[in-house]
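To start, the structure itself, in structure tokens.
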Amino acid sequence: MNTAPASEIDTATWTAPVLSVIVPTFNERDNIAPLVDKLEAALAGIAFEVIIVDDNSPDGTAELAKTLAVHKPHVRCIHRIGRRGLSSACIEGMASSSAEFVAVIDADHQHDEAILPKMLEKAQAGADVVVGTRYSGEGSSQSGFTASRQMGSTLATQLSGILTGKALSDPMSGFFLMRRSLFNEIVPSLSREGFKILLDIIATGNRQLGRKLAIAEVPYDFRPRHAGESKMSALVVAQFLGLIVSQISRGLLPTSFLLFALVGASGVLVHLVVLTFAFEALDFNFANSQIVATLVAMTTNYILNNELTYADKKLRGVKFWTGLLSFYVVCSFGAIANISVASVLFEAHLANFLIAGIAGVVMSVVFNYAVTRMFTWR
Ligand code: GDD
Ligand code: MN
């Protein structure tokens, strides 16, 4: 490898970091300076850097992070424009590191940075992934969670046990540390959608390496948020369920496809309700009732996909309306694809009417998904 001659490296003032600490942020302005202070105290004596990955927060988190970076050589900021999402932010942060180890920690002080040296030790001793865990041993999540959130978290933990086996007591944790070479190996297969990056890393790692990753845990007390608000939402939950199914299907079905199909199913319901209403209550003739129902269902599908499936590329303003038009057009072709495939199968006696009908629907969902990804949510 071609490295700079030793004389060009000012070793008196610079040491290459051993550990990159990735801090994903969205509206965390008041949290980052005190977090950096805490990290400096916790990691005293370890060569580390802090990489703040901010999605252009309206509160100016990125600006503040860059001001910090001016004064501190071990702090830098990746300022992302036009992108949103916790998993993809963590991935970009880790991808930008050149240290031997990478860690991810929330900006809101809910994770206890004081256990980072212990986590690093365990990774240096050979663990593939070291997880800061809220549930094992003395670690607890009591003070950081409301009762309903605690319930949701417990349920989600059970669900993800399907993927990770019992190797992990807190697979939902957003607090972990790993060797960067392992990250590099699996990153092409990681889902960039949603919140649950650790779960994805472990499921993907197990599959790709053909063995169970060696996982170590370090317990800690989950603290209440320092300042600002949580970004947890229904969208995050939907993306989580999508990730589980996507992993069960061994990555064959991307999360966005599952959400797209789910939205499509909701469209069928909307269609039938509107059809009934137009035909029965408004006394429209059947053809007109069908047209109205189709338009309404396409529109609700579009809005839901824009909010949920493609929240990271959400269309707004004029783009919302041109997107809607392109969605109508694509869905019309999707309907043609549906009818042609079903008719061909049926008429060639390759399937009975039900199977032919299902094949038609599957065809149009796949078609609409693939084509709206090209034209609507690019
Ligand atoms: N860059 C970026 N983009 N960061 C984000 C985004 C985003 O779209 N959404 C959230 N974050 C950052 C927040 O700023 C925070 O630093 C961290 O991700 C966690 O977000 P919170 O809003 O604090 O999430 P939480 O406390 O509800 O969720 C916690 O518990 C989950 C498990 O129940 C986190 O620890 C998660 O990592 C964890 O999976
Ligand atoms: Mn939080």
Side-chain angles (χ1 to χ4, degrees), residues 21-36 38-39 50-62 64-65 77-96 103-113 131-135 139-146 148-160 164 168-177 191-202 220-237 239-240 243-244 310-314:
V21 181
I22 316 303
V23 184
T25 59
F26 192 76
N27 286 342
E28 303 286 3
R29 193 189 157 83
D30 298 333
N31 287 323
I32 52 174
L35 179 69
V36 169
K38 284 184 177 173
L39 287 171
V50 183
I51 303 172
I52 295 158
V53 188
D54 184 68
D55 290 356
N56 201 24
S57 305
D59 76 349
T61 305
L64 188 81
C77 171
I78 298 179
H79 186 173
R80 307 200 307 166
I81 312 287
R83 272 170 296 165
R84 262 308 295 280
L86 179 51
S87 284
S88 72
C90 296
I91 288 173
E92 274 194 49
M94 290 189 273
S96 82
V104 173
I105 189 169
D106 285 356
D108 58 3
H109 303 216
Q110 291 201 270
H111 300 156
D112 186 356
E113 70 294 331
V131 183
T133 161
R134 297 167 286 193
Y135 299 94
S140 96
S141 57
Q142 244 111 59
S143 57
F145 269 159
T146 60
S148 63
R149 178 73 196 271
Q150 175 73 65
M151 240 174 69
S153 174
T154 307
L155 192 72
T157 302
Q158 302 286 332
L159 256 176
S160 33
T164 58
L168 208 56
S169 53
D170 191 7
M172 315 312 294
S173 176
F175 187 22
F176 60 91
L177 185 152
S191 159
R192 282 165 298 280
E193 297 160 44
F195 246 54
K196 299 306 164 193
I197 173 101
L198 174 64
L199 180 61
D200 196 22
I201 286 175
I202 291 169
Y220 73 97
D221 284 319
F222 192 52
R223 300 180 293 213
R225 192 171 239 287
H226 181 71
E229 282 167 10
S230 170
K231 281 95 212 166
M232 176 61 70
S233 64
L235 166 65
V236 170
V237 175
Q239 284 174 330
F240 165 67
L243 178 65
I244 298 264
Y310 295 112
D312 56 333
K313 320 178 182 169
K314 191 161 155 179

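Ligands are counted one by one from 1 in listed order, and the atoms in each one are counted from 1 as well.
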Examine ligand 1 and decide if any of its atoms is less than 4.0 Å from a heavy atom belonging to His111. yes
For [X], atoms of ligand 1 separated by under 4.0 Å from a heavy atom:
| X | value |
| --- | --- |
| Gly174 | 37 (O), 38 (C), 39 (O) |
| Asp108 | 23 (O), 26 (O) |
| Glu28 | 13 (C), 14 (O), 15 (C), 16 (O) |
| Ala107 | 16 (O) |
| Val53 | 1 (N) |
| Arg225 | 21 (P), 22 (O), 23 (O) |

Closest contact, heavy atoms only, Arg80 versus Ser88: NH2-OG, 2.9 Å
Of the choices [options], which has the non-hydrogen atom that lies closest to [atom]?
| atom | options | answer |
| --- | --- | --- |
| atom 18 (O) of ligand 1 | Leu86, Ile22, Asp55, Asn27 | Leu86 |
| atom 1 (N) of ligand 1 | Leu199, Thr25, Ile78 | Thr25 |
| atom 17 (C) of ligand 1 | Asp106, Ile197, Asn56 | Asp106 |

Would you check if the side chain of Asp55 reaches a backbone N or O of Gly85 as a donor-acceptor pair within less than 3.5 Å? yes
Output yes when a side-chain donor or acceptor of Asp200 lies under 3.5 Å from a complementary backbone atom of Ser191, and no otherwise. yes
Ligand 1 and [X], any nitrogen or oxygen pair closer than 3.5 angstrom?
| X | answer |
| --- | --- |
| Gly85 | yes |
| Arg84 | yes |
| Asp54 | no |
| Ala89 | no |

Ligand 1 versus Arg134: contacting region, heavy-atom distance under 4.0 Å: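 Near ligand 1, Arg134 shows its side chain, while the N, CA, C and O stay back.
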Please determine which of His226, His109, Arg225 meets the side chain to side chain donor-acceptor pair (under 3.5 Å) test together with Glu28.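 The passing option is Arg225.
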Please identify which of these residues, Val21, Val36, Leu39, meets the side chain to side chain contact (heavy atoms under 4.5 Å, CB included) condition with Glu113.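 Output: one option passes, namely Leu39.
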Is Gln110 close enough that one of its N/O/S atoms sits under 2.8 Å from the Mn ion (ligand 2)?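 Yes - counting backbone and side chain alike, Gln110 has an N, O or S atom under 2.8 Å.
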Mind checking whether the Mn ion (ligand 2) has an N, O or S of Asp106 under 2.8 Å? no
Which is the closest N/O/S atom of Asp108 when seen from the Mn ion (ligand 2)? OD2
Is any side-chain heavy atom of [X] closer than 4.5 Å to a side-chain heavy atom of [Y]?
| X | Y | answer |
| --- | --- | --- |
| Ile105 | Lys38 | no |
| Ile51 | Ile78 | yes |
| Pro58 | Asn27 | yes |
| Ile32 | Leu64 | yes |

Please determine if Arg84 and Asp312 form a salt bridge, counting it only when a charged side-chain N lies under 4.0 Å from a carboxylate O. no
Relative to the ring of Phe175, is the ring of Tyr220 parallel (under 30°), tilted (30 to 60°) or perpendicular (over 60°)? perpendicular
